[in-house]
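Only one structure is covered here, and it is reproduced in the block below.
Each chain gets a letter, A, B and so on, in the order its sequence line appears, and its residues count up from 1. In this text the structure is predicted, and so the values were computed from the model without any measurement.
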Protein chains: 2
Amino acid sequence: MAHQTVGHPPPGLPDHPHTTAPAPTPTCPVEITLAALSGRWTTLVIRELLRGSRSYSDLRRALPTLSDKVLTDRLSHLTATGVVHRDRHPGWPPRVRYTLTPHGHRLGPVLQALWDWGARDG
Amino acid sequence: MAHQTVGHPPPGLPDHPHTTAPAPTPTCPVEITLAALSGRWTTLVIRELLRGSRSYSDLRRALPTLSDKVLTDRLSHLTATGVVHRDRHPGWPPRVRYTLTPHGHRLGPVLQALWDWGARDG
DNA sequence: CTGAATCCCTGCCGATACTG
DNA sequence: CAGTATCGGCAGGGATTCAG
């Protein structure tokens, strides 16, 4: 996924004058965000982490129907995009804490906006 | 796509106490919105329509790299979800206008929220 | 406990050709 | 002008199994 319309200033959603919209590239801010949220379960993982840091198995328990692979995929993707911070504790058994970064926390309002629209009757 | 966490009150993103998150169903408002925005090009089509109503070929011209099939898919999906209104004029040649519904217009702030997060440095 | 590796299956999207 | 029909490729995601 990716959007682009060349020369779109940050708060400039409704302003693109007539520029043709070219191919989708992950340069468009809207697409960057959608890419960060993309994938099934992603928003649920984020919401879980909005409540505080969690271990791998905490997340497994909170999201029972999601497989190891997918959870791992989501966490690594979220870590790669700077949404989640991964904290590895030394010792045995291995303990890892997943926490939202400040950037990740700022997804709260975004999810809220998504929620609000979806909750309203069409 | 679909989210659900049972008993989530409308403005209640950060409030789910401990309820386990079950299978994804299109009941969760967040998922409803993401479903409405889902699919490549969708947000660009919406943004184009945020500027005013457009004909089919207007959209084709504004989004040059998208195929007939995909544009048709997007428009019918958006129409089905109540985001877009389709206005068929009688006569020849056939003239059709696509316009955002009020509900569709309310996606403006949502896209803005997505834009803002994506535009900010991680 | 916290993952990584593999396999297969499904659904999306792009291209092309054709119709009312 | 405004679509529909069809086909194929490819990536996403689920289940299972193995590893540090």
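Other residues, nucleotides and ligands contribute only 12 or fewer heavy atoms inside 6.0 Å of the CZ atom of B:R120.
For B:S67, no side-chain nitrogen or oxygen approaches OP1 or OP2 of C:dC13 to under 4.0 Å. Contact between the side-chain N/O atoms of A:S55 and the OP1/OP2 oxygens of C:dC1 is not found at any separation under 4.0 Å.
Two end axes, each from the C1' atoms of five base pairs, can be drawn for the helix from C:dC1-D:dG20 to C:dG20-D:dC1; they diverge by 50°, to 10 degrees.
Across A:D73, A:T81, A:L75, A:T79, a single residue satisfies side chain to side chain contact (heavy atoms under 4.5 Å, CB included) together with A:H77, and that is A:T81.
Between the CG atom of B:L66 and the C1' atom of C:dG14 there is a distance of 10 Å, given to the nearest Å. Taking atom CG of residue A:L34 and atom C1' of nucleotide D:dG12, one finds them 16 Å apart after rounding to whole Å. In this entry the distance linking CZ of B:R40 with C1' of D:dG9 reads 13 Å, nearest Å. Between the P atom of C:dG14 and the CZ atom of B:R60 lies a distance of 11 Å, rounded to the nearest Å. Between B:L44 atom CG and C:dC13 atom P there is a gap of 13 Å when expressed in whole angstrom units.
Remark: A:R74, A:P94 in residues 73-100 of chain A come within less than 4.0 Å of DNA chain D through at least one heavy atom.
Across the interface with DNA chain C, nearest-nucleotide mapping of A:K69 and B:D68 shows A:K69 to be the residue nearer the 5′ end.
One finds a salt bridge joining B:R97 and B:D58 here, because a Lys/Arg side-chain nitrogen approaches an Asp/Glu carboxylate oxygen to under 4.0 Å.
Counting non-hydrogen atoms under 4.0 angstrom, A:T72 reaches the backbone sugars and phosphates but no base.
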